[in-house]
Amino acid sequence: MKDPNFVLEIITGKRKGLVAALIRFGLVCLEPAYRIAIKFRNRKYDIAISAYDESVVHFAEVPVVSVGNLTTGGTGKTPFVIWLARILRERNLRVALISRGYGAVEAGRNDEAREIEHRLTDVPHLQDPDRSRMAAIAVEELESQILVLDDGFQHRQLARDIDIVLIDATCPFGHEHLLPRGLLREPLESLKRADLVVINRINLVPIETVEKIRERIAEFTEFRRIGTSEIIPQNWLQFSGRRFELDHLTGKRILMVCGIGNPDNFRQTLIQIGLDVIQQKIFPDHHAFSRDDMNDLGKLAKSSTVDAIVCTHKDLVKIGVDIVAELPVYAVLITVELNEGKELLDQLIDEACEKISSQ
């Protein structure tokens, strides 16, 4: 599909006309079947977990912390996973990350894996659709003491001790519809399973919006289990490893390039930093940059008379160069700051660590 935003424009109603309306009607007709399938799937796992049925669910020998979401697309999971892994490493725990590896193209490693490896050199990252098998390998071969399951809320074959769900403040509830009509992977009622629900990217929306989201979430869980976090830009990074302070690009005219789930959030972040986004090139999520793509980006940058090309770290590891068409390429490095919910998270980690000390 040439237009990566086509489906999103259909879902949100931005794309008008008879064809778009017919497509939306067809998606609405499919939504009940998806809801029923999810209901029976969750019921199966609820029963298996309650009965400690190891034929259905794998129970790891060490604590498992899952970071997931309710919607498709980007909710800031990767920066949160990196932050969480560092928090656990500060406790002198041997941590391993486990993920499905969606979109892996290079020696079995996808773009998130390469991004994480750039920033977490002392944390092994195992990728495989069979995450239960990876959990066993992490414990038996790597002697990991705690596992972080990336994008794991719907992956219920691996039992977890802590379930963290991220809600993107800029698009919290998937346009109020389940797949395929909306972006919700599960009904909002599933938030009852979460130990901590974090409203992420609160710095990109008004405080009134955050409070409305909090009230909606509180219909399904306790207020004390709702936290908030924001993304904090740190500095600029080039592929070679060179870093620059944020003011290095302040006021510069830039070409924004990204292949992520939520490009609007990235653009808003760049504007808040103080960049002048003259032109943008949006690719589908997990896009692998080809030589033709790089040539096209160079031509676009030159015709737009920009000073630099700016992308996400996830895209930088695939672009793989510092210069395109004589223009420097930078990625903005971001971290997560947990504003509310840190005390509960510490308590949950303490309780999970009792499983380690009892072994």
Side-chain angles (χ1 to χ4, degrees), residues 1-10 14-15 72-74 76 78-79 101-119 127 233-334:
M1 185 179 296
K2 292 184 178 181
D3 183 1
N5 294 316
F6 177 79
V7 174
L8 187 58
E9 290 176 355
I10 292 289
K14 290 182 179 179
R15 188 168 290 254
T72 62
T78 300
Y102 178 80
V105 293
E106 181 182 304
R109 313 299 282 170
N110 72 350
D111 39 22
E112 280 94 351
R114 283 174 275 173
E115 177 185 357
I116 289 171
E117 287 164 1
H118 267 219
R119 304 184 66 179
Q127 288 195 312
Q234 291 181 302
N235 47 40
W236 298 107
L237 174 71
Q238 291 196 292
F239 184 75
S240 61
R242 297 177 65 198
R243 297 194 182 209
F244 303 85
E245 297 297 324
L246 283 179
D247 61 6
H248 180 70
L249 293 181
T250 300
K252 298 292 186 182
R253 297 163 53 90
I254 64 108
L255 164 63
M256 183 189 94
V257 178
C258 64
I260 57 177
N262 199 329
D264 288 339
N265 282 349
F266 182 49
R267 178 185 175 89
Q268 192 171 345
T269 298
L270 297 182
I271 292 173
Q272 287 187 350
I273 294 173
L275 275 59
D276 188 2
V277 182
I278 297 298
Q279 183 63 270
Q280 64 181 33
K281 179 64 176 177
I282 309 299
F283 293 94
D285 197 9
H286 299 286
H287 182 73
F289 291 86
S290 65
R291 184 180 296 274
D292 288 341
D293 289 331
M294 301 307 294
N295 290 335
D296 291 342
L297 288 178
K299 293 175 183 177
L300 180 59
K302 284 189 172 182
S303 66
S304 304
T305 62
V306 298
D307 302 308
I309 299 172
V310 172
C311 62
T312 68
H313 190 196
K314 174 178 168 180
D315 296 307
L316 182 69
V317 296
K318 294 179 290 184
I319 290 175
V321 294
D322 286 354
I323 304 290
V324 172
E326 301 180 356
L327 289 169
V329 180
Y330 302 93
V332 59
L333 287 183
I334 63 172

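Just so you know, residue 1 is the first one in the sequence shown, and it goes up from there. As the structure is a prediction and not an experimental result, all values here were calculated from the model.
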Are the side chains of [X] and [Y] in touch, meaning some heavy atoms are under 4.5 Å apart?
X	Y	answer
Val317	Glu117	no
Leu327	Val329	no
Phe239	Asp322	yes
Met256	Leu275	no
Asp315	Phe289	yes
Phe266	Val310	yes
Asp293	His287	yes

Lys314/His286 under side chain to side chain contact (heavy atoms under 4.5 Å, CB included): CA gap, chis, key distance, verdict: CA-CA 9 Å; Lys314 174 178 168 180; His286 299 286; 4.0 Å; yes
Between [atom1] of [X] and [atom2] of [Y], what distance do you get to the nearest 0.5 Å?
X	Y	atom1	atom2	answer
Gln280	Arg267	CD	CZ	5.0 Å
Ile273	Ile334	CD1	CD1	9.0 Å
Leu316	Cys258	CG	SG	13.5 Å
Lys318	Phe283	NZ	CZ	10.0 Å
Glu9	Lys14	CD	NZ	7.0 Å
His313	Ile116	NE2	CD1	10.5 Å

Distance-minimising heavy-atom pair for Pro328 and Ile323: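 Closest pair (atom of Pro328, atom of Ile323, distance): CA-CD1, 3.8 Å.
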Donor-acceptor pairs are to be reported for all side-chain atoms of residues 247-255 against protein atoms at under 3.5 Å, with residues two or more places apart or in another chain.
| from | atom 1 | to | atom 2 | distance (Å) |
| --- | --- | --- | --- | --- |
| His248 | NE2 | Tyr330 | OH | 3.1 |
| Arg253 | NE | Thr305 | O | 3.1 |
| Arg253 | NH2 | Ser304 | O | 3.3 |
| Arg253 | NH2 | Thr305 | OG1 | 3.1 |

Backbone of Leu246 reached by a side-chain donor or acceptor of Trp236 within 3.5 Å: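 A pair under 3.5 Å: yes.
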